[in-house]
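Only one structure is covered here, and it is reproduced in the block below.
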Amino acid sequence: MINGSLYRGSHYSGSEIGHISIVHNGRLCNCGGQGCFEQYASATSMIRRYQERMLEMNRPAPESGGTRLIFDRAAKGEPIADEIISETVDYLGTGFASLVNVFNPQVLVIGGGVAEAGDEFITRVERAIYGKAMKPVLRDLQVVRAQLGNDAGSIGAIHMAAEMYEKSK
C-alpha cells in the first residue's frame, strides 16, 4: 500500500516482491528469473529445501506436512529443520531489508505459509531485517504477521476483481 492505495504498477504487475533476486545466479524461477525471493523464502521453498537436505543426509524426506512439520521438528531439536528455518529467516531478512531500504514503510506485513509459524518466527525475521537494513529506515518500523494469513492473496484477488467490476459498470 502506498498512501492508502494498493500499488499495482503501470501495467498491473507491480508489487511482485517474490520475484526480486536475492541470490546471484540462484535457482531458476518459473517467472524466468534467477535467484528470486520466492525460490528461497517461501513456504514452498522451505519444504523443497528440507526434503532435499533430508535426502542428502540419506534420511527419508516427508512427502507431506508442510511448514508445520518443519517447525514441529525444529521444536523437537531436529538440526536439519532448525537449519532450514534459520536459512529462511536470513533470506527473508535480506529481501525485506532491501524493500525497507527502498520504501521506508511504517509497517511490513508478512503473510503466506511462512507467517503461519507464529510470533517467534516473525520476531526472528524482524531481527534479521534490523541487522541488514539502514538504521534511518528502521525508526518506528513494525513487522507484523498478516491477519488473513495464507488466505490474504485469495481474498485480495476477490476484492480486486470486485473493484474492477464496479469500475466497468
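Counting from 1, the numbers follow the sequence of the chain as shown. Atom set for the values below is all heavy atoms of this structure, side chains included, hydrogens, waters and symmetry mates excluded.
Under the 4.5 Å side-chain criterion, counting only non-hydrogen atoms from C-beta, L92 is not in contact with I129. Residues T44 and E38 form no side-chain contact, since every pair of their non-hydrogen atoms from C-beta on lies 4.5 Å or further apart. The closest side-chain heavy-atom distance from L138 to L141 is below 4.5 Å.
Scanning all heavy atoms of the two residues, the minimum distance from C36 to G18 falls at CB-O, 3.4 Å. The heavy-atom pair separating I110 from V114 by the smallest distance is CG2-CG2, 4.2 Å. Pairing each heavy atom of A133 with each of V100, the nearest pair is CB-CG1, 4.4 Å.
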#### Entry: CA sep, side-chain torsions, deciding dist, call: I70, I80, side-chain contact (heavy atoms from CB on, under 4.5 Å)
CA-CA 9 Å; I70 298 169; I80 295 171; over 6 Å; no
#### Entry: Test log, rule side-chain contact (heavy atoms from CB on, under 4.5 Å), inputs Q106 and D140
CA-CA 7 Å; Q106 294 174 314; D140 300 325; over 6 Å; no
### Message
Does Y50 form a side-chain hydrogen bond (donor to acceptor under 3.5 Å, both in side chains) with E78? I'd like the steps, not just the answer.
### Response
CA-CA 11 Å; Y50 181 71; E78 183 185 284; 2.4 Å; yes
### Query
What do the steps show when you test Q51 against I47 for side-chain contact (heavy atoms from CB on, under 4.5 Å), and what is the final call?
CA-CA 6 Å; Q51 290 170 333; I47 295 162; 3.9 Å; yes
### Task
Go through the steps to decide whether D82 and E87 satisfy the test side-chain contact (heavy atoms from CB on, under 4.5 Å), and finish with yes or no.
CA-CA 9 Å; D82 190 54; E87 287 174 4; over 6 Å; no
### Task
Test S45 against R27 for side-chain hydrogen bond (donor to acceptor under 3.5 Å, both in side chains), laying out the working first.
CA-CA 11 Å; S45 75; R27 290 181 183 267; over 6 Å; no
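Under the 3.5 Å distance criterion, the side-chain polar atoms of R49 are matched with a main-chain donor or acceptor of Y40. In terms of modelled atom types and a separation under 3.5 Å, the side chain of N104 and the main chain of V137 share a donor-acceptor contact. Within the 3.5 Å criterion, the main-chain N or O of M134 finds a donor-acceptor partner in the side chain of N101. Side chain of S21 to main chain of Q34: a donor-acceptor pair is present (N/O by atom type, distance under 3.5 Å, no hydrogens or angles).
Between K132 and D90 there is a salt bridge, since at least one side-chain N of the basic residue sits less than 4.0 Å from a carboxylate O of the acidic one. A salt bridge links E52 to R48: one of the charged nitrogens lies within less than 4.0 Å of a carboxylate oxygen.
If you look at F37 and F96, their ring centroids are closer than 6.0 Å.
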